[in-house]
Amino acid sequence: MSEESAERTAGRDFVRDIIQADLDAKRCAEVVTRFPPEPNGYLHIGHAKSICLNFGVAQEFGGRCHLRFDDTNPAKEEQAYIDAIQRDVRWLGYDWGNHLFHASDYFEQLYAWAERLIQDGKAYVDDTPLEQMRTMRGTLTEPGQASVYRDRPVAENLDLFRRMRAGEFPNGARVLRAKIDLASGNMNLRDPVLYRILHVAHPRTGTAWCLYPTYDFAHGQSDAIERITHSLCTLEFEDHRPLYDWFLDNLPVPARPRQYEFARLNLTYTVLSKRTLTELVRHGHVSGWDDPRMPTLAGLRRRGVPPEAVRDFVRAIGMARANSVVDVAMFDHAVREHLNKVALRRMAVLRPLKVVIENYPEGQSEELECVNNPEDASAGTRRVPFSRELYIEHDDFLENPPKKFFRLAPGREVRLRSAYFITCREVIKNAAGTVVELRCTYDPATRGGNAPDGRKVQATMHWVSARHAIAAEVRLYHPLFTRPDPGATGDVLSDLNPQSVEALSACRLEPALAQASVGVAVQFERLGYFCPDPDSESGRAVFNRTVGLRDAWARVQAAGAANR
RNA sequence: UGGGGCGUCGCCAAGCGGUAAGGCACCGGACUUUGAAUCCGGCAUCCGGAGGUUCGAAUCCUCCCGCCCCAACCA
């Protein structure tokens with residue numbers, strides 16, 4: 001493939017192809033999309049796919065994207081969610097300008113259109129009880145039955161509908177239905193409900209209404225009012241498209257939007273059902289919507305995932321119509337790829353093992369220059385204190401090292417990153433036989449990490465000066481679920497991972513980490529990316545692991561264990 | 001058994017009649033003051049299956065198989 005054609009297909013998908021064709025054929029003069037969340041929960045990584053699509057496409061084609069709250073069911077919606085959603089969309093990097101709308105902005109117009117349908121004989125008030133209406137709708141293979149109210153005179157329908165609005169009837173007493181086709185193979189066309197009575201206050205319209213339009217009756221017309229050209233939604237709404245079109249065909253709407261569907265995102269080891277996520281929060285299985293283990297944008301943000309990585313990920317998974325489950329490793333890859341380029345390097349010891357440098361003068365210390373980011377020279381350097389007593393990672397020492405272990409062991413010499421070569425001279429254990437301290441010697445000639453005589457070491461390890469280190473708790477996160485397909489064989493909650501968070505409380509960090517900003521990930525060299533959590537207090541830092549570094553040694557060990 | 005969709009490498013995903021892109025994962029190897037990053041190499045004679053049309057098919061036709069969605073006064 002030529003470079004030019006590779007360029008042309010890059011970032012292309014069926015949605016963009018459709019839009020390009022519409023533009024070329026002059027079916028529309030500009031591109032207007034919308035992201036239409038229902039404010040009944042927090043946005044998650046699956047929504048990010050839709051947000052990036054809608055806002056991304058608008059940007060690419062020089063159009064605009066509206067943020068519209070689909071707030072037609074006040075029983076489930078809250079102002080707190082409206083606020084959180086706006087915060088999260090902005091965090092992801094998108095701006096709706098002054099195009100912030102709500103389906104509730106159109107309640108009066110929608111109501112007028114409903115009366116219009118009644119007047120045209122295309123809608124009727126039905127008094128059939130909920131249960132009965134359900135059975136009368138028929139089944140997938142049998143047609144529905146007509147309600148006895150289906151042929152109510154227009155005047156009676158109008159009168160009843162107006163009295164419904166006036167609040168004369170209790171919840172559920174009556175609904176307004178479209179008169180379409182009770183025998184349709186598409187259940188959505190079997191006289192769908194347009195309005196239901198709900199004596200519930202609405203976050204925006206308060207008590208102005210006691211009947212509310214359904215999603216179907218609100219969505220397409222809202223699109224038309226806003227002159228949306230391409231209404232992009234997920235596959236499960238495909239069956240609703242004929243109804244979407246029916247309303248636009250039967251109402252004097254100002255524009256003719258078109259709906260297109262794409263496959264929603266699924267991720268291994270992850271649940272993206274709002275119902276389940278809400279349950280996790282309500283029942284305290286996580287600390288909140290922004291728990292770093294949650295796939296919500298708020299959770300990812302708290303974990304230290306940068307918005308660029310989320311956007312990169314969405315670009316990488318593509319846009320298609322086939323149901324699929326993306327390997328969460330792809331997401332981790334996008335996070336590492338971005339953080340590798342921008343994150344500052346720091347040293348932190350998670351499981352400290354004390355090291356005393358016997359030939360380093362007591363009471364002395366010095367500062368060593370360390371590179372902040374080898375991938376970015378402009379990030380500069382910093383000075384890190386070194387002294388007689390240090391901490392190294394407990395995992396970096398083995399008294400009886402196996403063949404492929406390159407790190408510290410009795411008698412072995414390794415490099416302390418940006419500092420000196422040290423050699424392990426003695427191992428000190430406690431009564432239980434646990435290694436609690438190493439006595440080492442250093443070679444003063446290797447300052448900075450290079451031996452003048454050219455001798456090599458097999459490992460370079462991170463370290464921290466005991467006297468200068470700051471104490472911290474570091475939280476390591478593991479998948480919230482134990483199965484790649486949570487809930488596949490029963491209750492989702494039974495697949496919850498009881499060890500999804502591992503808090504290490506005795507961690508020691510290099511002093512520069514005191515300046516780290518909440519939510520901004522830095523790399524703890526050789527370990528992964530971490531960022532300060534809002535739980536941090538002065539004197540007690542708390543860091544979250546955003547994602548670990550790839551770990552070839554861990555894989556060698558795993559392979560060894562598997563062969564045994 | 002009704003209606004609507006979808007099936008290309010372990011996972012995503014290009015491809016639109018001219019002889020299977022790319023990414024992730026995985027496996028080698030180089031390099032390395034992060035066992036990271038980077039770099040090089042490997043990884044679908046085959047596109048759910050079977051027929052057919054054609055000089056030529058993943059792409060067109062037929063039949064079959066499998067998976068997903070729909071029977072809320074949710075979205």
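Lettering of chains follows the sequences in order, A, B, ..., and the numbering in each one begins at 1. Small disclaimer: the values here were computed from a predicted structure and weren't measured.
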The side-chain hydrogen bond (donor to acceptor under 3.5 Å, both in side chains) partners of Asp223(A) (sequence neighbours excluded) come to Arg68(A), Ser231(A), Tyr244(A)
- Message: Is there aromatic stacking of Trp553(A) on G35(B) here, judged by a ring-centre distance under 5.5 Å and a plane angle under 30°?
- Response: yes
What residues 37-48 of chain A contributes to the RNA chain B interface at heavy-atom separation below 4.0 Å is Glu38(A)
All heavy atoms of His44(A) vs all of Leu272(A), minimum pair found to be NE2-O, 3.1 Å
Looking only at G35(B), G4(B), A72(B), the nucleotide nearest the Glu238(A) side chain is G4(B)
Per the glycosidic torsion and the 90° limit around 0, nucleotide A72(B) is syn
Does a salt bridge link Glu261(A) with Arg241(A), judged by any charged N lying under 4.0 Å from a carboxylate O? yes
Checking A25(B), U34(B), G3(B) against the side chain of Ala329(A) (C-beta onward), the nearest is A25(B)
For Cys210(A) and Gly167(A), the nearest pair of non-hydrogen atoms, with its separation, is SG-CA, 3.6 Å
TODO: Would you please confirm or rule out a distance under 4.0 Å between OP1 or OP2 of A36(B) and any side-chain N or O of Arg345(A)?
DONE: no
* **Sugar-phosphate only, base, or nothing, as touched by Arg190(A) at under 4.0 Å among non-hydrogen atoms** => nothing
Which of G4(B), A75(B), A36(B) is nearest the side chain of Thr72(A)? It is A75(B)
Rounding to 0.5 Å, atoms CZ (Phe397(A)) and CG (Leu408(A)) come to a distance of 6.0 Å
*asked:* Does the structure show Phe406(A) stacking with G35(B), if we require the centres to be closer than 5.5 Å and the planes to be within less than 30 degrees of parallel?
replied: yes
Cation-pi between Arg174(A) and Phe169(A): NZ/CZ under 6.0 Å from ring centre and within 45° of the ring axis?
yes
Under a 3.5 Å limit on both distances, the Watson-Crick or wobble mate of G2(B) is C70(B)
Can you see if the side chain of Arg241(A) gets near the phosphate of G4(B) - specifically, an N or O under 4.0 Å from OP1 or OP2?
no
* To do: Using the C1' atoms only, state how far A58(B) lies from G48(B), rounded to an integer number of Å.
  => 12 Å
Quick one: does Gln523(A) reach the base of U34(B) with a side-chain donor-acceptor pair under 3.5 Å? yes
Comparing nearest nucleotides in RNA chain B, the 5'-proximal residue of the pair Val193(A), Arg555(A) is Arg555(A)
With rounding to whole Å, what would you report as the distance between C69(B) and U62(B) at their C1' atoms?
-> 27 Å
Of G35(B), C73(B), G3(B), the nucleotide closest to the side chain of Phe405(A) is G35(B)
Review point. Under 4.0 Å between a Lys/Arg side-chain N and an Asp/Glu carboxylate O for Arg526(A) and Asp551(A)?
Key: no
query: Considering only the C1' atoms, how many Å lie between G4(B) and G10(B), rounded to the nearest integer?
result: 30 Å
- Flag the pair Asp105(A) and Arg204(A) as a salt bridge only when some basic side-chain nitrogen lies within less than 4.0 angstrom of an acidic carboxylate oxygen. yes
### Query
C60(B) and A72(B): how far apart are their P atoms, nearest whole angstrom?
37 Å
**Study point:** Presence of Arg550(A) side-chain N/O under 4.0 Å of C26(B) phosphate oxygens OP1/OP2
**Key:** yes
Checking N1-N3 plus N6-O4 or O6-N4 for Watson-Crick, or N1-O2 and O6-N3 for wobble, each under 3.5 Å, the partner of U19(B) is none
Applying the 3.5 Å cut-off to both distances, the Watson-Crick or G-U partner of U34(B) turns out to be none
- Kindly indicate whether the side chain of Val349(A), heavy atoms from C-beta on, has any atom under 4.5 Å from the side chain of Phe524(A). no
### Message
Does Arg137(A) reach a base, just sugar-phosphate, or nothing at all? Heavy atoms under 4.0 Å.
### Response
sugar-phosphate
From CZ of Arg68(A) across to P of A75(B) the rounded distance in Å is 13 Å
Contact string for nucleotides 7-13 of chain B, one letter per nucleotide 5' to 3', B = base within protein heavy-atom range under 4.0 Å, S = sugar-phosphate only, - = neither, reads ----BSS
Is Arg190(A) salt-bridged to Asp181(A), going by a charged N under 4.0 Å from an acidic O? no
Point to revise | Sugar-phosphate, base or nothing in reach of His240(A), heavy atoms under 4.0 Å | key: base
### Task
Would you mind classifying the nucleic acid contact of Thr128(A) as base, sugar-phosphate or nothing, using non-hydrogen atoms under 4.0 angstrom?
base
Item to check | A75(B) OP1/OP2 closer than 4.0 Å to side-chain N/O of Arg196(A) | outcome: yes
pair_partner(A44(B)), Watson-Crick or wobble, both distances < 3.5 Å, evaluates to none
On a heavy-atom basis, the closest approach of Pro401(A) and Ala409(A) is CG-CB, 3.6 Å
Suppose you measure atom C1' in C43(B) against the same atom in G23(B); what distance do you get, rounded to whole Å?
14 Å
Per the atom types in the model, does the base of A36(B) pair as donor or acceptor with the side chain of His462(A) at under 3.5 Å? no
Tightest non-hydrogen contact, residues Arg152(A) and Asn157(A), listed as O-ND2, 3.1 Å
As its Watson-Crick or G-U partner within any shown strand, both distances under 3.5 Å, A13(B) has none
Between Arg177(A) and the options Asp216(A), Asp127(A), Asp126(A), the salt bridge (Lys or Arg N to Asp or Glu O under 4.0 Å) test singles out Asp126(A)
Contacts of Pro36(A) and Asp239(A) projected onto RNA chain B by closest heavy atom; the upstream (5') one is Asp239(A)
**Message:** Distance criterion of 3.5 Å, no angle test: do you see the side chain of Asp551(A) paired donor-to-acceptor with the base of G35(B)?
**Reply:** no
Arg407(A) has its side chain closest, among A37(B), G35(B), A75(B), to G35(B)
Separation of G5(B) atom C1' from Phe237(A) atom CZ, nearest Å, is 15 Å
Looking only at atom P, what distance separates U8(B) and U59(B), rounded to whole Å?
13 Å
Would you say G35(B) has OP1 or OP2 under 4.0 Å from some side-chain N or O of Arg526(A)? yes
query: Looking for any heavy atom pair under 4.0 Å, which part of the strands does Ser184(A) touch: base, sugar-phosphate only, or nothing?
result: nothing
Checking G2(B), A71(B), C74(B) against the side chain of Met187(A) (C-beta onward), the nearest is A71(B)
Closest heavy-atom pair, Arg345(A) versus Val371(A), reported as atoms and distance to 0.1 Å, is CB-O, 4.2 Å
*Rounding to the closest angstrom, what is the interatomic distance between U45(B) and C61(B) at atom P?*
26 Å
From the candidates A71(B), G15(B), U34(B), the one with an atom nearest any side-chain atom of Asp17(A) is G15(B)
Original post:
NA contact type, Lys404(A), heavy-atom cut-off 4.0 Å: base, sugar-phosphate, or nothing?
Top reply: base
C60(B) -> Watson-Crick or G-U wobble partner, both distances under 3.5 Å, gives G52(B)
What's the gap between C73(B) and C9(B) when it is taken at their C1' atoms, as a whole Å value? 48 Å
